[in-house]
Amino acid sequence: MLKDTKGLEAFCKDLASDEPAPGGGSASAAAGAMAASLLSMVCGVTMKSKKHEPDWPKLAVLRRKVDSMTGMLLRCVDEDSKAYEMLVVYARIRRKSPGDAAAAAAYDEAVKLAMGVPTTTAKSCIEVLRLAEEVATLGTKSASSDIEVARLLAAAGVDGAVANIMVNLPYCEDREHAARAKETADALRHEKAGLLKG
C-alpha cells in the first residue's frame, strides 16, 4: 500500500492538464527517477537478509549511487518544465521583434536548453540502466521483477528524453550544436539498446 499518493496524484493531474508543461520530458525524467528508486528498494531489501551479508558493503555503495540518480532525475522533472516555459517566452519575444539579433540569439539559447535538459535525463537513465546490471548481480532473486521493471522504466526514460531532443533539433539555428546533439541522442539510444540486451 502506498504511504502517500498525493504527490503522484498531483503530478499526474499536472500532466493531464491543458497546459503543455509538464509534458513528455518531465514524464521521462519521472520514469527514470522511479527506476532508480526501485533499485534502491532492492538494495535495501537485500541488505536485510543475513544470507547476503557479505555483499552489504557493495549494496550500500550501490544504494547511494542510485539514490543520487533519483535526486538528479527529480531535478530534471522540474528543469524540463522550466526549459519549455523559457522557450515559449523567448519564442514570443522573437516573434514580436523580427530581425532583432539579440532576441534571435536568446531564442536559440532557449532551444539549446530545451535539448540540454533531456540530454541530462537520457544520460542519467543510461546510468540507471548500468546500475541495474550491478544490482541484479547482488540483489535478492525475489526482487528480480522489480529490477526488470526498473530497467524498462529507465529505458522508457531514455527513449522519451531522446524524443524531446529530436523534436527541438529543427529549431536550433546553431547547426553544429544541433549536429552534436543528434549524434549524442543517437549514441544514447544505441547504448540503451545494448544495455537492455544484457
Side-chain angles (χ1 to χ4, degrees), residues 2 5 7-9 11-12 14-15 21-47 52 55 58-84 113-169 181-198:
L2 289 175
T5 61
L8 180 59
E9 183 179 356
F11 179 60
C12 288
D14 283 345
L15 285 175
S26 293
S28 299
M34 286 192 290
S37 297
L38 276 172
L39 295 179
S40 183
M41 178 271 286
V42 173
C43 291
V45 168
T46 307
M47 288 167 66
H52 295 277
D55 294 323
K58 291 179 182 177
L59 286 161
V61 171
L62 273 175
R63 194 172 199 186
R64 286 195 293 273
K65 288 181 179 179
V66 294
D67 287 346
S68 174
M69 298 316 302
T70 299
M72 168 70 79
L73 284 156
L74 286 174
R75 288 191 290 276
C76 286
V77 171
D78 190 45
E79 288 172 9
D80 196 272
S81 291
K82 289 178 179 176
Y84 178 80
L113 181 62
M115 292 190 293
V117 176
T119 298
T120 299
T121 295
K123 288 179 177 179
S124 298
C125 288
I126 288 288
E127 180 61 19
V128 173
L129 279 170
R130 291 196 196 102
L131 291 168
E133 290 185 340
E134 296 185 55
V135 174
T137 63
L138 300 174
T140 177
K141 299 306 176 189
S142 63
S144 60
S145 63
D146 298 296
I147 296 170
E148 184 59 17
V149 171
R151 280 163 43 86
L152 293 170
L153 283 169
V158 175
D159 286 340
V162 166
N164 275 269
I165 297 168
M166 301 301 288
V167 78
N168 284 296
L169 283 177
K182 185 180 185 304
E183 185 178 332
T184 298
D186 289 340
L188 288 166
R189 193 157 39 194
H190 180 75
E191 187 172 2
K192 178 222 69 176
L195 287 166
L196 273 188
K197 288 178 183 176

Undergrad: Which value, rounded to the nearest 0.5 Å, describes the distance between Glu134 atom CD and Lys58 atom NZ?
TA: 10.0 Å
Undergrad: From Asp146 CG over to Glu148 CD, what is the distance, rounded to the nearest 0.5 angstrom?
TA: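 Result: 10.5 Å between the selected atoms.
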Undergrad: Quick test of your reading: applying salt bridge (Lys or Arg N to Asp or Glu O under 4.0 Å), list the pairs with at least one residue in residues 69-83, sequence neighbours left out, ordered by first then second residue.
TA: Asp78-Lys82
Undergrad: What are the two closest heavy atoms between Val42 and Gly139, and how far apart are they?
TA: CG1-CA, 4.2 Å
Undergrad: Drop me the distance from Leu129's CG to Glu191's CD, to the nearest 0.5 angstrom.
TA: 8.5 Å
Undergrad: Rounded to the nearest 0.5 Å, how far apart are CG of Leu74 and CE of Met34?
TA: 10.0 Å
Undergrad: Quick one: CG on Leu188 to CD on Glu183, what's the gap to the nearest 0.5 Å?
TA: 11.0 Å
Undergrad: Considering non-hydrogen atoms only, spot the tightest contact between Ser28 and Ala161 and give its length.
TA: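 Nearest pair, atom of Ser28 first, then Ala161: OG-N, 3.5 Å.
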Undergrad: Might you point out which heavy atoms bring Leu59 and Thr46 nearest each other, and give the distance in Å?
TA: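 Residues Leu59 and Thr46, closest heavy atoms: CD1-CG2, 3.6 Å.
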Undergrad: Find the distance between CG (Leu138) and CD (Glu133) and round it off to the nearest 0.5 Å.
TA: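 Output value for this atom pair is 12.5 Å.
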Undergrad: Taking all atoms of both residues into account, what is the closest heavy-atom pair of Ala136 and Lys141, and its distance?
TA: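 Ala136 and Lys141 have their closest heavy atoms at O-NZ, 3.8 Å.
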Undergrad: Heavy atoms only: give me the nearest Ser26-Phe11 pair and the separation to one decimal.
TA: O-CZ, 4.1 Å
Undergrad: So do the side chains of Thr140 and His52 get within less than 4.5 Å of each other, counting heavy atoms only?
TA: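 The answer is yes, as the side chains (C-beta and beyond) meet within the 4.5 Å cut-off.
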Undergrad: I'd like to know if Arg189 pairs up with Asp159 as an ion pair, taking the criterion as any Lys NZ or Arg NE/NH1/NH2 lying under 4.0 Å from an Asp or Glu carboxylate oxygen.
TA: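 A salt bridge is absent here (no side-chain N lies under 4.0 Å from a carboxylate O).
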Undergrad: Would one find more than 12 heavy atoms of other residues, nucleotides or ligands at under 6.0 Å from atom CE of Met72?
TA: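 Counting neighbours around CE of Met72, 12 or fewer heavy atoms of other residues, nucleotides or ligands fall under 6.0 Å, so no.
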Undergrad: Looking at every non-hydrogen atom in both residues, tell me the closest pair between Arg151 and Leu196 and how far apart they are.
TA: NH2-O, 2.8 Å
Undergrad: May I have the list of side-chain donor-acceptor pairs in residues 113-127 shorter than 3.5 Å, sequence neighbours left out?
TA:
from	atom 1	to	atom 2	distance (Å)
Thr119	OG1	Met115	O	2.7
Thr120	OG1	Gly116	O	3.3
Thr121	OG1	Val117	O	3.3
Ser124	OG	Thr120	O	2.8
Glu127	OE1	Arg130	NH1	2.8

Undergrad: Check whether any side-chain heavy atom of Val66 lies under 4.5 Å from a side-chain heavy atom of Val128, and answer yes or no.
TA: no
Undergrad: Please test Thr70 against Ser40 for side-chain contact (heavy atoms from CB on, under 4.5 Å), starting from the C-alpha separation and ending with a verdict.
TA: CA-CA 9 Å; Thr70 299; Ser40 183; 5.7 Å; no
